[in-house]
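To keep things clear, I will list the structure first and then write my remarks on it.
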Amino acid sequence: MVKIPVEINYFAGGFRPMLNVILSFEEPKIFLPIKAIIDTGSPTTLVWISDMRRMRLSKIQLNKIKGKFDEVNIGGGKVKTVKLENMGFRIGTYLNTKLDVRFPIEGEEKAQPSLLGVDFLEKIKANFCFNPSKKESYLEI
């Protein structure tokens, strides 16, 4: 078993497990290192608007992407998204795989971090441990 350390950062009033990952895609050309919250309450992985801005990918460009369009519930509201299938997904030297990732194309522009949802944990077949009182968090693959 491989044990991948997960950072614990204080964000939005509490401790959150956060993981540094690199996303990549060929068309459109995307290479994006992000820090995302591992969110076991979210069924899907979502790259939020602040990270989209860093890769200079606009909502207009996202509208041109061929992908699956649908709405997801985030923070009590609905957000229209496009899903890029089989996006490159890397965690340091621990893991290199493909993952379906959603990008918002409509909805509120909140200052929210990107999320790694349950789909991420299922895809990499990982056990996730998060103990905020000990400030310990890791993934086991």
Side-chain angles (χ1 to χ4, degrees), residues 1-65 67-141:
M1 259 194 197
V2 176
K3 196 172 185 177
I4 301 171
V6 174
E7 290 180 27
I8 298 176
N9 295 325
Y10 190 81
F11 179 82
F15 290 109
R16 309 279 188 240
M18 300 186 89
L19 191 61
N20 292 311
V21 300
I22 296 175
L23 301 173
S24 60
F25 205 71
E26 290 303 316
E27 193 56 45
K29 190 73 171 165
I30 295 172
F31 180 82
L32 179 63
I34 64 170
K35 183 180 279 194
I37 292 176
I38 297 176
D39 185 356
T40 59
S42 174
T44 188
T45 295
L46 180 80
V47 172
W48 204 249
I49 294 165
S50 57
D51 287 322
M52 285 172 46
R53 284 191 183 125
R54 284 189 314 106
M55 72 176 167
R56 303 183 199 290
L57 187 62
S58 71
K59 288 183 180 180
I60 293 169
Q61 290 170 298
L62 282 174
N63 285 327
K64 295 178 183 176
I65 293 173
K68 184 179 178 186
F69 292 86
D70 58 6
E71 288 185 341
V72 295
N73 293 323
I74 300 289
K78 290 188 184 272
V79 177
K80 205 176 262 188
T81 66
V82 61
K83 178 170 66 172
L84 290 180
E85 296 178 343
N86 295 315
M87 196 165 194
F89 184 89
R90 191 171 79 213
I91 303 171
T93 58
Y94 300 103
L95 178 74
N96 193 1
T97 189
K98 301 281 186 188
L99 183 68
D100 296 346
V101 177
R102 294 180 188 278
F103 293 85
I105 55 172
E106 278 184 24
E108 274 187 58
E109 293 200 23
K110 298 177 188 174
Q112 182 172 330
S114 296
L115 304 174
L116 299 173
V118 173
D119 60 335
F120 153 73
L121 296 171
E122 285 179 327
K123 172 70 180 186
I124 66 170
K125 296 176 176 59
N127 293 319
F128 174 53
C129 177
F130 176 47
N131 186 335
S133 62
K134 291 184 178 180
K135 293 192 177 68
E136 178 182 59
S137 187
Y138 57 89
L139 293 167
E140 280 185 337
I141 300 176

query = How are the rings of Tyr10 and Phe15 set relative to one another: parallel (under 30°), tilted (30 to 60°) or perpendicular (over 60°)?
reply =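 Perpendicular, since the angle between the ring planes exceeds 60°.
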Shortest non-hydrogen contact from [X] to [Y]?
| X | Y | value |
| --- | --- | --- |
| Asp51 | Leu32 | O-CD1, 3.6 Å |
| Pro5 | Lys3 | CD-O, 3.6 Å |
| Glu136 | Ile8 | N-CD1, 3.2 Å |

To the nearest 0.5 Å, what is the distance between [atom1] ([X]) and [atom2] ([Y])?
| X | Y | atom1 | atom2 | value |
| --- | --- | --- | --- | --- |
| Ile38 | Tyr138 | CD1 | OH | 12.5 Å |
| Met18 | Leu115 | CE | CG | 9.0 Å |
| Asn73 | Thr44 | CG | OG1 | 11.5 Å |
| Leu84 | Thr45 | CG | OG1 | 12.5 Å |
| Phe103 | Leu23 | CZ | CG | 6.5 Å |
| Leu116 | Lys123 | CG | NZ | 14.0 Å |

When you compare the side chain of [Y] with that of [X], does any pair of heavy atoms fall below 4.5 Å?
| X | Y | answer |
| --- | --- | --- |
| Arg90 | Asn96 | yes |
| Trp48 | Pro104 | yes |
| Glu85 | Asp100 | yes |
| Leu19 | Leu139 | yes |

inquiry  = Quick one: does any side-chain atom of Thr81 pair with a main-chain N or O of Asp70 as donor and acceptor, under 3.5 Å?
reply    =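 A pair under 3.5 Å: yes.
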N/O donor to acceptor pairs below 3.5 angstrom from side-chain atoms of residues 124-135, sequence neighbours left out:
unit_1: Asn131; atom_1: OD1; unit_2: Ser133; atom_2: N; d: 3.3
unit_1: Asn131; atom_1: OD1; unit_2: Ser133; atom_2: OG; d: 2.8
unit_1: Asn131; atom_1: OD1; unit_2: Lys134; atom_2: N; d: 3.3

